[in-house]
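The structure appears right after this line, and notes come after that.
Nothing here was measured: the structure is a model prediction, and the numbers come from that model. Naming convention: chains lettered A, B, ... in sequence-line order (proteins, then strands); numbering from 1 in each chain.
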Number of protein chains: 2
Amino acid sequence: MSSVPGWANVNERRNLPPALAVSTVILGIREGQDGGPDKLCLPLVRRIREPHQGLWALPGGPVDAQESLGQAAGRNLAETTGLRPNYLEQLYTFGDIDRSPTHRLVTIAYFALLNANQVGTTVQDDNVAWFDIDDPAIAQLAFDHRKIVDYALWRLRNKTEYGQIAHRLLGERFTLAALRGVYEAILGRRLDPANFRRTLKNTATIEATDEYLAGGQHRPPRLYRYVGHGPDPLEVDPTQA
Amino acid sequence: MSSVPGWANVNERRNLPPALAVSTVILGIREGQDGGPDKLCLPLVRRIREPHQGLWALPGGPVDAQESLGQAAGRNLAETTGLRPNYLEQLYTFGDIDRSPTHRLVTIAYFALLNANQVGTTVQDDNVAWFDIDDPAIAQLAFDHRKIVDYALWRLRNKTEYGQIAHRLLGERFTLAALRGVYEAILGRRLDPANFRRTLKNTATIEATDEYLAGGQHRPPRLYRYVGHGPDPLEVDPTQA
DNA sequence: GAGACTTAATGTCAGAATGACTCTAACGAA
DNA sequence: TTCGTTAGAGTCATTCTGACATTAAGTCTC
């Protein structure tokens, strides 16, 4: 008998199909300290059983028979982290034979984005914690999850469309400076504010509102809004999940 | 008992994990007739059992316990079509609950490119045939395979890197005109020969050789070669498959 | 209240990239 | 030898891009 329902233990694995799981790389933005640049960060869960007990890992779990893959990803990350991201995209499916030491495991990796509010309000306990993506403590993760995180970052950096990512990592309305901070965090380098503004004005998917962000210490910036939809035909609708 | 090893029939499905399969969209280039443009084409196999018996479908099959996903894709397409592509890339994993009428089926779709020689020499019989991608006969395919084909075409059109696709769909050496034909087939529009030449010369991954293609009816074109490697960190090495 | 300071937003300018087009070179066919 | 066709190089105007300057509009300090 296997200790995980639906999963075969090491002695049965040759005679059964691979076990199916989903894992999600959840990325959010955290404002920089002391005027430093914003940082990308992600929540991880601690493994509470073998294999890799005690190591940090991506939130995830098995796929139920009654749910689609995207629904499985949404449900698993809600159960393990309490988060409900508003963007979910399938990343890649990892299925090397030896990626788990105890059983043959095929993992469909997803990639989620959280806005700033969601990052702040998340519960943290001994088994769930947030890390900056360059934190040395997560240089190694359980299974091949470090490779999955790296691939998610690569995908994010190679996303062409500006607005798409923008309103997912920020709120419904946002300033151009905040958006620039997001892109600087993703790309890891400074961007010229004037040129950034110019290219975004040519982007049809971002639109100025009549509102300004008051309460700052300097000239109030105008708020912008995302309109339209990206070109990827297979984006998951997380409202179904 | 299920008629397919490792797969549950409809009565057992609620109690077992989803069945895992791989399917591959194999794309090749066919030279245009009567001076017309080149065309993208793909081989399909006829379903010889239910569900969807008689319909055309992507080549594929189950994932064995002893092979990686890429290996499963390479093995299945070799068994069903006799083809051994030199490029294989994971596309997307399809896992909607009702995508197969008889059992819960999760399919990891792959995307392969063949060069012109391989397209010509393929065996065709009643159950394997090549179709142009705009052939009305394949407007409908078994399962959700039409959606998978459309997504493969979308991915191909959105590939940025020129040389990568080039030497996979053509041979080791190729003329710039042949490469332009490939891109015109992919993008579905004519490209200016002079400008195409210029942009390719600025592409570091394509290099001129000292050889020329003799035997044509006009001035012999120079042969070029692909050098270097694209940026995608998760490309499958098909030599392992 | 008068500056100084900081950020918002616009403008300028040179170099690179792009699209449309012209011109010459090199082959086979007539 | 001439012609037709493709190979390949070059031209020019437009657009895009990065670097930088300038003005606008708030808060903070004295």
Side-chain angles (χ1 to χ4, degrees), chain A residues 31-38 157-158 160-163 166 170-171 173-225, chain B residues 31-38 157-158 160-163 166 170-171 173-225:
Chain A
E31 278 186 29
Q33 312 293 329
D34 317 318
D38 293 356
R157 293 194 179 105
N158 285 280
T160 49
E161 226 258 278
Y162 274 72
L170 301 169
R173 283 138 204 272
F174 47 85
T175 69
L176 290 190
L179 182 52
R180 181 166 49 85
V182 169
Y183 274 87
E184 289 175 346
I186 291 174
L187 300 175
R189 62 188 167 91
R190 293 287 184 178
L191 299 173
D192 183 289
N195 295 336
F196 185 79
R197 173 182 306 273
R198 180 179 55 191
T199 33
L200 254 95
K201 285 204 159 180
N202 297 334
T203 302
T205 54
I206 286 193
E207 171 180 280
T209 70
D210 290 334
E211 297 171 61
Y212 294 81
L213 180 63
Q217 298 183 324
H218 304 290
R219 172 174 172 177
R222 184 188 285 267
L223 290 172
Y224 290 78
R225 173 176 51 206
Chain B
E31 279 187 28
Q33 312 295 328
D34 316 317
D38 293 356
R157 294 196 179 103
N158 285 281
T160 49
E161 225 257 281
Y162 274 72
L170 302 169
R173 282 139 204 271
F174 46 84
T175 68
L176 291 190
L179 183 52
R180 181 166 48 86
V182 169
Y183 274 88
E184 289 176 345
I186 292 174
L187 300 175
R189 61 188 169 91
R190 293 288 183 175
L191 299 173
D192 183 288
N195 294 337
F196 185 79
R197 173 182 306 276
R198 181 180 54 191
T199 35
L200 256 94
K201 285 205 159 178
N202 295 336
T203 303
T205 54
I206 285 193
E207 171 179 280
T209 70
D210 290 335
E211 297 171 61
Y212 294 80
L213 180 63
Q217 298 182 325
H218 303 290
R219 173 174 172 177
R222 184 187 285 266
L223 290 172
Y224 289 78
R225 175 175 50 207

*Nearest-angstrom distance from the residue atom CG of B:Asn195 to P of D:dT11*: 15 Å
*Separation of C:dT7 P from A:Tyr212 OH (nearest whole Å)*: 19 Å
Is any side-chain N or O of [X] under 3.5 Å from a base N or O of [N], one able to act as donor and the other as acceptor?
X: B:Arg198; N: C:dG19; answer: yes
X: B:Asn202; N: C:dA17; answer: no
X: B:Arg197; N: D:dG10; answer: no

_Partner of A:Phe174 by side-chain contact (heavy atoms from CB on, under 4.5 Å), out of A:Leu223, A:Val182, A:Ile206, A:Leu213_ = A:Ile206
*With A:Arg222, which residues qualify under side chain to side chain donor-acceptor pair (under 3.5 Å), at least two apart?*
A:Tyr212
*Nucleic acid footprint by protein, nucleotides 24-30 of chain C - heavy-atom cut-off 4.0 Å, B for base, S for sugar-phosphate alone*: -BBBS--
*asked:* Tell me whether B:Glu184 at atom CD has more than 12 heavy atoms from other residues, nucleotides or ligands lying less than 6.0 Å away.
replied: yes
*Starting from the 5' end of DNA chain C, give me the residue, B:Asp192 or A:Ala177, whose nearest nucleotide shows up first.*
A:Ala177
*Taking salt bridge (charged side-chain N to carboxylate O under 4.0 Å, His left out) as the test, write out the residues that go with A:Arg189, two or more places apart.*
none
*Can you check side-chain contact (heavy atoms from CB on, under 4.5 Å) on B:Tyr224 and B:Leu170, steps first, answer last?*
CA-CA 11 Å; B:Tyr224 289 78; B:Leu170 302 169; over 6 Å; no
